[in-house]
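Working notes, structure below.
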Number of protein chains: 2
Amino acid sequence: MSERPQYLSAEERRAATVQAVVDLAAEQNPADITTTAIADRMGLTQGALFRHFPNKDAILEATMTWVGERLLVRVDKAAEGAKSPAAALEAMFMAHIDFVAKHPGVPRMLFGELQRSGETLAKRMVQTLIRQYEQRLRRLMEAGKVQGELDADLNVDAAAVLFIGTIQGLVMQSLLAGKVSRIRRDAPGVFAIYRRGIESTK
Amino acid sequence: MSERPQYLSAEERRAATVQAVVDLAAEQNPADITTTAIADRMGLTQGALFRHFPNKDAILEATMTWVGERLLVRVDKAAEGAKSPAAALEAMFMAHIDFVAKHPGVPRMLFGELQRSGETLAKRMVQTLIRQYEQRLRRLMEAGKVQGELDADLNVDAAAVLFIGTIQGLVMQSLLAGKVSRIRRDAPGVFAIYRRGIESTK
DNA sequence: ATAAAGTAAGTGACCTATTACTATCCTAAC
DNA sequence: GTTAGGATAGTAATAGGTCACTTACTTTAT
């Protein structure tokens, strides 16, 4: 128990900053997370943030990097363990839902970032993240079509859009209810309908 | 053609203000539409807005009223003309997509409003709007189940969430591509999968 | 003539980023 | 080991900008 304050290293502070942003986004509108709010959450003064980041956008970029890495890794690992394409899609979905339930601010940050006017780096990072995500979906779906598990006439592009929309719908519902727990509760039922829409009729 | 400026009535200005907000939301991040931007769009000075609205939130409230009325009316009219519940759902979906394609800022405003921290009136208006919307969906789906057109085991609540998520996914895709035209192009394919997910297997 | 609509110029609040200064850490020489 | 001293992390204060809203005054409509 140190009485006196203790300085953290640059890398530790960067990680702690990202964590603060992710946590704050879960509690309030991501659009108005101020540098003061981030610093307060970390027990620092506002100016201290600019020792580790050149500007606020750089903080958002670091956060997007964190999100991209964590989300894709978790989703990939979930898909790996599945024994069929359709099972992999379901595992991917549930891993994603689990991630979102733990970090409810994340999908809201991504959506907000996409809406920003300028050509910011953070925005482009979100775009490539989603495109990578969709690519994984399409690959799995093509495999499922070949295997006969998924509808042979399935429009993969549309199915990928709907996959993401499914999550977005659940996020919206949790915002409506004001309860994050809704996401986990409603996810299986919603995915069941989605699955029915892409499966082959046996 | 009047050379000299001409004053509009209070009601005309209120309507013009709402239109300016809806138009601006289509072009930029709804979150940072300033009163100055609204006034500029109308050819007024910023302060003039406060002759017709007590504060900025009141402008948003008026906009939400406008959205709610227009959207529900159009969607209801579309559903009316259909000859079966499933057809009504599809007509409702397409009418909604048509509305969103014409006013791309609207779904983004709604989502943004839901994220606001406080218990603002505009936020509550969005909540009730979506609940009314879902109620219509559930009613149609129950009718479709009774009629045998939709899956007898369909989870209507989940299906309503997914219906809205479907639109949200299309909006996200249009943001990714930067083209609103994407929405209209991709809508039929996405809805086809949705429909397959809720229909009864004949 | 009186009320309503609009203007121009503020005011205060808040937000990002900078600056001048201080505290802590780390390492190399004694 | 202790300690001088540079590098790094942090503070407090503030500059500069933007935004919502107000006020004093002017223009238009009835």
Side-chain angles (χ1 to χ4, degrees), chain A residues 1-21 24-25 27-63 109 112-113 116-118 120-123, chain B residues 1-21 24-25 28-64 109 112-113 116-118 120-123:
Chain A
M1 288 198 187
S2 62
E3 291 294 336
R4 300 218 314 270
Q6 191 177 344
Y7 288 176
L8 295 187
S9 74
E11 206 38 59
E12 287 169 318
R13 276 296 182 223
R14 286 180 62 92
T17 307
V18 166
Q19 199 55 54
V21 171
L24 284 170
E27 300 164 14
Q28 63 178 260
N29 190 348
D32 41 50
I33 292 177
T34 66
T35 51
T36 306
I38 299 170
D40 281 355
R41 174 63 56 110
M42 301 170 71
L44 289 182
T45 55
Q46 183 251 357
L49 289 180
F50 294 89
R51 292 277 159 210
H52 307 295
F53 298 92
N55 50 46
K56 192 186 177 185
D57 252 333
I59 297 178
L60 291 180
E61 288 160 20
T63 308
M109 285 190 66
E113 204 62 38
R116 301 236 321 236
S117 298
T120 132
L121 178 52
K123 183 177 173 182
Chain B
M1 296 212 179
S2 62
E3 291 293 338
R4 298 218 314 268
Q6 190 179 345
Y7 287 177
L8 294 188
S9 74
E11 207 38 60
E12 287 169 316
R13 276 295 182 225
R14 286 181 62 92
T17 306
V18 167
Q19 198 56 54
V21 171
L24 283 170
Q28 62 177 263
N29 190 347
D32 40 52
I33 293 177
T34 66
T35 51
T36 307
I38 300 170
D40 282 355
R41 174 63 55 110
M42 301 170 71
L44 290 182
T45 56
Q46 184 249 358
L49 290 181
F50 294 89
R51 292 279 158 207
H52 307 295
F53 299 92
N55 49 45
K56 192 185 178 185
D57 253 333
I59 297 177
L60 291 180
E61 288 160 20
T63 309
M64 292 310 151
M109 285 189 65
E113 204 61 38
R116 300 234 325 233
S117 299
T120 132
L121 178 52
K123 183 178 174 181

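Below, chains carry the letters A, B, ... as their sequence lines are ordered, and counting in each starts from 1. Since the model is a prediction, treat every value here as computed from it, not as a measurement.
The side chain of A:T45 lies closest to D:dA12 when the candidates are D:dA12, C:dG6, D:dC19. Of the candidate nucleotides C:dA5, D:dA9, C:dT7, D:dA9 has the atom lying nearest to any side-chain atom of A:Y7. Here D:dA29 is the nucleotide among C:dT16, D:dA29, D:dC21 with the atom lying nearest to any side-chain atom of B:Q6. With D:dT11, C:dA17, C:dA5 as the choices, the nucleotide that has an atom nearest any side-chain atom of A:F50 turns out to be C:dA17. Listed nucleotides: D:dA24, D:dG10, D:dA29. Nearest to the side chain of B:R51: D:dA24.
Heavy-atom minimum distance, B:I33 versus B:K56: O-NZ, 2.8 Å. Minimum interatomic distance between B:S117 and A:Q28 (heavy atoms only, all atoms of both residues): OG-CB, 3.6 Å.
If you run side-chain hydrogen bond (donor to acceptor under 3.5 Å, both in side chains) between A:Q46 and each of A:T34, A:T35, A:T36, only A:T35 comes through. Shown are A:L121, A:N55, A:V18; of these, the side chain to side chain contact (heavy atoms under 4.5 Å, CB included) with A:E61 is made only by A:L121.
Separating the CE atom of A:M42 from the P atom of D:dA9 is a distance of 12 Å, rounded to the nearest angstrom. Residue B:I59 contributes atom CD1, which lies 13 Å from atom C1' of D:dC19 at whole-angstrom precision. One can place CZ of A:F53 at 15 Å from C1' of D:dG10, the figure rounded to the nearest angstrom. Atom CG of A:D32 is separated from atom P of C:dT16 by 10 Å (rounded to the nearest Å). Between the CZ atom of A:R13 and the C1' atom of C:dT24 there is a distance of 12 Å, given to the nearest Å. Separating the CG atom of B:L8 from the C1' atom of D:dT27 is a distance of 14 Å, rounded to the nearest angstrom. Atoms CG (A:D40) and C1' (D:dG10) sit 15 Å apart, rounded to a whole Å. The CG atom of A:L44 sits 14 Å away from the C1' atom of D:dA12 (whole-angstrom rounding).
The shortest distance between the side-chain N/O atoms of A:T35 and the OP1/OP2 oxygens of C:dT16 is below 4.0 Å. Close to D:dT8, at under 4.0 Å from its OP1 or OP2, lies no side-chain N or O of A:H52.
Position along DNA chain C of the nearest nucleotide to B:A48 versus A:K56 favours B:A48 as the more 5'-ward residue.
Residue contacts for B:L49: at a heavy-atom cut-off of 4.0 Å it reaches no nucleic acid atom on any strand shown.
At a cut-off of 3.5 angstrom, counting only N and O atoms as typed in the model, there is a donor on one side and an acceptor on the other between the side-chain of B:Q46 and the base of D:dC21.
No side-chain heavy atom of B:Q19 sits less than 4.5 Å from a side-chain heavy atom of B:R41.
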